[in-house]
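What follows is a short report on a single structure.
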Amino acid sequence: MVTAIGAHTLRILSHPVEIAYFFTQFLKLLARQLGTGRFRFRQTVDQLYSVGVESAGVIFFSIGVVSLILVLEFSFHMKLVLHQDSLVPAFSTVLLIRELGPVVTALLLVSRVGAGLAAEIATMKITDQIDALRLLSIEPFDYLVVPRWIAVWLAAVLLTILSIGVAILGGATIAAIKLGYGFGEYFNSMFTFSHFSDLIGCIIKASVFGNLLPLIACYHGFKAKPGSEGVGMAATSAVVEGSIVVILADFVVTYLFYTL
Amino acid sequence: MPTHPTKEFLVGCLVLAAVLLMFAFGWLMGLFRPFTGTAEFKVRYAFAGGVEVGSPVRVSGVKVGRVERIDFVSGANSDETIELLVTVGRRALPAVRADSKFFINMAGIIGERYVEITPGSGEPLASGASVRGIDPPRIDQLLSQGYGVFGRVQEFLEQNDEVLTEFLKHMKSFVKDANQYLGSGKNRQKFFALLENLEAVTGDMRSVTGGLRNPETQRVFDELREVIRRANQIDEKALKRFLQEEGVRARIF
């Protein structure tokens with residue numbers, strides 16, 4: 001029993017250490033790519049297309065629906081407490097910029113991209129494609145992880161900015177249809193409480209999430225156990241761990257950026 | 001443009017759209033204004049009343065600018081400690097004149113602070129001009145002072161509880177007696193007769209004092225004042241000697 005406890009403890013402790021090692025490897029290889037001028041531009045653009053462009057539809061649809069709910073709920077609560085809802089545009093926009101935009105985008109990316117990345121790399125591992133790359137003198141980490149990492153990072157930031165725009169449009173539309181706001185009225189008052197520093201904070205959050213997501217997904221892909229079950233477990237672990245890490249990171253960044 | 005968008009084209013669209021949206025947000029949030037000219041004014045206050053950087057500036061209730069900066073200053077006028085740098089859009093400049101007033105007001109259900117500029121009729125105010133704003137009321141101080149006054153009243157009431165109770169008891173008794181006294185018809189008639197007499201007396205007094213308010217009476221008073229002034233200048237010893245010599249034995253001195 002003591003041995004089991006010890007083994008379990010070591011496994012728990014080794015996990016963050018391995019991820020940190022993974023991260024340092026990424027930085028080292030990225031620096032080497034940039035230093036030698038052998039940046040894998042083609043692979044990065046392919047991944048950016050796969051992660052950014054192909055995820056855009058699902059993210060914009062989801063955040064659009066979230067913004068509709070947000071405006072209706074804000075209106076309900078403000079009418080409940082203040083007996084009027086004139087501040088709905090301002091409150092919903094500030095919440096979108098500071099929280100919902102980056103977090104919803106990151107969680108959707110975790111579900112779509114995180115699982116995909118982990119499954120893809122895990123499949124390559126169990127079918128010995130990674131070993132084949134090594135035989136061809138191609139560093140797998142350099143070839144597989146770095147382009148994906150940069151693509152997810154960029155995609156997270158770009159999609160977050162665009163998703164805020166889509167959410168604002170969605171909010172303005174539902175406010176015009178249901179709450180009797182004019183579009184001009186909505187756009188005039190939506191930035192009452194928002195400052196550009198909030199947008200900077202939002203981009204920092206998206207950037208942090210965009211770094212954590214490929215880190216966890218690729219880590220689980222490389223650590224996948226043999227067999228189809230191993231691929232499934234890698235994808236599941238990437239999504240579960242990625243979602244938890246995004247929420248924890250959101251708290252940490254919010255605390256550091258907005259309260260200190 | 002390719003007939004079938006390539007991956008590079010679509011990725012480029014994604015990047016371009018995000019960059020354009022960032023510029024749009026920056027513009028809408030007032031970070032920069034590439035298409036509109038603004039003028040800057042320095043407005044000094046003794047008390048800023050909660051206005052912040054980014055607070056709106058309105059002319060006749062229309063939002064035309066924002067508070068760009070708040071500085072602490074120490075100038076010739078010691079009460080002016082705050083200087084706001086406010087920007088006003090070009091379209092509102094004709095309304096901002098030398099005699100315009102710069103108030104700090106409160107709007108909305110959550111008390112958002114803003115600078116309200118009232119349109120003037122004097123010379124147009126040049127960009128960069130420094131003006132004195134109208135300080136907002138110190139509601140906090142008023143409340144604080146009111147709290148102090150009410151505290152002292154409460155303390156007085158608590159310390160003099162017995163005295164006040166006694167006083168009120170007597171007052172109640174007095175009102176009761178007065179009510180009883182005036183309740184009978186005879187007393188009521190006497191009371192009203194008394195009031196009538198009082199009214200007649202005050203009327204007479206008014207007539208007398210009215211009679212005194214004429215130039216002749218004024219002259220008499222002036223002469224009397226002059227006599228008193230001269231009497232004050234008479235040497236006390238000389239007057240005593242004079243009275244003694246004249247045989248006046250009254251114990252004046």
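Residue numbers start from 1 in every chain, and the chains themselves are labelled A, B, ... in the order their sequence lines are given, proteins ahead of strands.
- Open room surrounds CD on B:Glu199; 12 or fewer heavy atoms of other groups in view lie less than 6.0 Å from it.
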- Step-by-step side-chain contact (heavy atoms from CB on, under 4.5 Å) determination, A:Asp198 to B:Met29: CA-CA 10 Å; A:Asp198 294 322; B:Met29 287 177 178; 5.7 Å; no
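- In this structure, the side chains of B:Leu28 and A:Met190 come closer than 4.5 Å at one or more pairs of heavy atoms.
- Close approach to chain B, defined as a heavy atom under 4.5 Å from one of its heavy atoms, is seen in A:Ile97 of residues 93-105 of chain A, taken by number.
- Residues of residues 43-53 of chain A that come closer than 4.5 Å to chain B, counting heavy atoms only, are A:Val45, A:Asp46, A:Leu48, A:Tyr49, A:Gly52, A:Val53, ordered by residue number.
- Under the 4.5 Å side-chain criterion, counting only non-hydrogen atoms from C-beta, A:Arg42 is in contact with B:Glu8.
- Listed in order of number, the residues of residues 138-160 of chain A that approach chain B to under 4.5 Å between heavy atoms are A:Leu158, A:Leu159.
- Under the ring-ring contact (aromatic ring centres under 6.0 Å, His included) criterion, no residue pair touches residues 60-90 of chain A, with sequence neighbours excluded.
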